[in-house]
Asks: 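If you scroll down you'll find the structure; I have some questions about it.
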There are 2 protein chains.
Amino acid sequence: MNQQTLRLYEMKAQIIQAVGQPIRLAILDFLKDGEQCVCDIAKAVGAERSNVSRHLTVLLNAGILECRKDGLKMIYSLRTPCIMNFFSCVADVLKSQLAKNNRVLQKL
Amino acid sequence: MNQQTLRLYEMKAQIIQAVGQPIRLAILDFLKDGEQCVCDIAKAVGAERSNVSRHLTVLLNAGILECRKDGLKMIYSLRTPCIMNFFSCVADVLKSQLAKNNRVLQKL
DNA sequence: TTAGTATGTGAGCATACACTCACAAAGGCG
DNA sequence: CGCCTTTGTGAGTGTATGCTCACATACTAA
């Protein structure tokens with residue numbers, strides 16, 4: 001694997017990793033219906049404001065979110081809504097995984 | 001966010017997180033063309049055998065890979081090839097991100 | 001059986017990550 | 001102006017992650 005290929009994998013991994021965290025998944029799920037400010041996001045996902053702020057920074061740096069300032073508030077929104085396609089893929093894997101577990105359970 | 005919803009996000013996050021690592025991305029990319037044994041995977045991605053073995057365990061636990069034993073060798077393969085749909089989504093985000101960076105660069 | 005190969009795993013280490021607390025900056029409102 | 005709200009960030013902490021080395025296990029072949 002050459003240096004350039006590795007770099008590409010690293011960039012892709014950064015994006016995927018940004019999505020692979022429960023609270024950040026909840027944030028994306030909450031934002032799929034439209035832009036929201038930090039305090040409302042924090043209420044929706046049930047986490048500390050400062051913590052949510054950091055999670056938003058991660059998603060911002062990964063290029064998944066964008067934000068604009070509106071008076072006191074910072075409004076965050078999905079920059080690439082295609083990111084939501086992720087979730088159907090993940091749901092497929094999850095279903096397949098649970099189905100396998102069920103097969104194992106039934107053999108007990 | 002109730003306990004059940006949180007649990008669902010955690011399960012999804014586990015799957016996504018399993019994919020969000022450069023070497024594991026390389027492994028999946030290598031396996032998309034067919035099953036392979038550990039030593040060949042290690043050669044392909046250019047990492048230590050023991051390290052590759054652990055990465056394979058992560059992907060196995062996430063339900064993304066499956067394996068079978070063939071004599072001395074353990075043969076790994078994609079269990080849910082739909083996982084490859086991930087990558088086109090990621091590529092979209094990456095392109096969009098690079099395009100934005102280019103626009104910023106041109107303003108300098 | 002003995003030697004060699006493929007694989008997985010315990011131990012240890014360095015780093016990254018998620019979280020909380022406290023505080024500072026920016027803006028709205030009396 | 002002073003006070004409150006919203007947001008981001010530095011510092012500290014505990015845990016998770018990725019990696020390597022050494023070793024044990026399982027199987028093949030002479």
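In what follows, chains carry the letters A, B, and so on, assigned in the order in which the sequence lines appear, proteins first and then strands, with residues in each chain numbered from 1. Side chains are part of it too, since the values below use all heavy atoms of this structure and drop only hydrogens, waters and symmetry mates.
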Asks: Please tell me if Lys69(B) has a side-chain N or O lying less than 4.0 Å from either OP1 or OP2 of dC27(D).
Replies: yes
Asks: If you group Ile, Leu, Val, Met, Phe, Trp and Tyr by side-chain heavy-atom gaps below 4.5 Å, do Phe30(B) and Val58(B) land in one group?
Replies: no
Asks: If the cut-off is 4.0 Å, is Tyr76(B) near the phosphate of dG8(C), judged by side-chain N/O to OP1 or OP2?
Replies: yes
Asks: Calculate the interatomic distance between Lys73(A) atom NZ and dC4(D) atom C1'; express it in whole Å.
Replies: 14 Å
Asks: Hey, are Lys73(B) and Asp70(B) close enough for a salt bridge, meaning a charged N less than 4.0 Å from a carboxylate O?
Replies: no
Asks: Output the rounded distance in Å from CG (Leu72(A)) to P (dG27(C)).
Replies: 9 Å
Asks: What does Arg49(B) touch in the nucleic acid at a heavy-atom separation under 4.0 angstrom: a base, only the sugar-phosphate, or nothing?
Replies: nothing
Asks: Would you please confirm or rule out a distance under 4.0 Å between OP1 or OP2 of dT7(C) and any side-chain N or O of Arg54(B)?
Replies: no
Asks: Please tell me if Asn51(A) has a side-chain N or O lying less than 4.0 Å from either OP1 or OP2 of dA18(C).
Replies: no
Asks: Nearest to the side chain of Arg24(B), which nucleotide is it out of dG8(C), dG18(D), dT7(D)?
Replies: dG18(D)
Asks: Got a second to check how far Phe87(A)'s CZ is from Ile16(B)'s CD1, nearest 0.5 Å?
Replies: 6.0 Å
Asks: Quick one: Asp70(B) CG to dA6(C) P, roughly how many Å, whole number?
Replies: 13 Å
Asks: Any side-chain N or O of His55(B) below 4.0 angstrom from OP1/OP2 of dC19(D)?
Replies: yes
Asks: Between dC17(C), dG8(D), dA6(C), which nucleotide has the shortest distance from any of its atoms to the side chain of Gln17(A)?
Replies: dC17(C)
Asks: Please state how far atom CG in Leu56(A) lies from atom P in dA18(C), giving the value in whole angstrom units.
Replies: 13 Å
Asks: Where each residue is assigned the nucleotide of DNA chain C containing its nearest heavy atom, which of Ser50(A) and Gly20(A) is assigned the position nearer the 5′ end?
Replies: Gly20(A)
Asks: Rounded to the nearest 0.5 Å, how far apart are NE2 of His55(B) and CG of Leu28(B)?
Replies: 11.5 Å
Asks: Taking CD from Gln21(A) and P from dT15(D), how many angstroms apart are they, rounded to a whole number?
Replies: 17 Å
Asks: Between dA6(C) atom P and Glu48(B) atom CD, what is the distance in whole Å?
Replies: 15 Å
Asks: By nearest atom, which of the nucleotides dT20(C), dT9(C), dT9(D) is closest to the Ser53(A) side chain?
Replies: dT9(D)
Asks: Could you tell me the separation between the CE atom of Met74(A) and the P atom of dT9(D), rounded to a whole number of Å?
Replies: 9 Å
Asks: Roughly how many Å is it from CD1 in Ile75(B) to P in dT5(C), rounded to a whole number?
Replies: 18 Å
Asks: Without swapping roles, check the side chain of Glu48(B) against the backbone of Ser50(B) for a donor-acceptor pair under 3.5 Å.
Replies: no
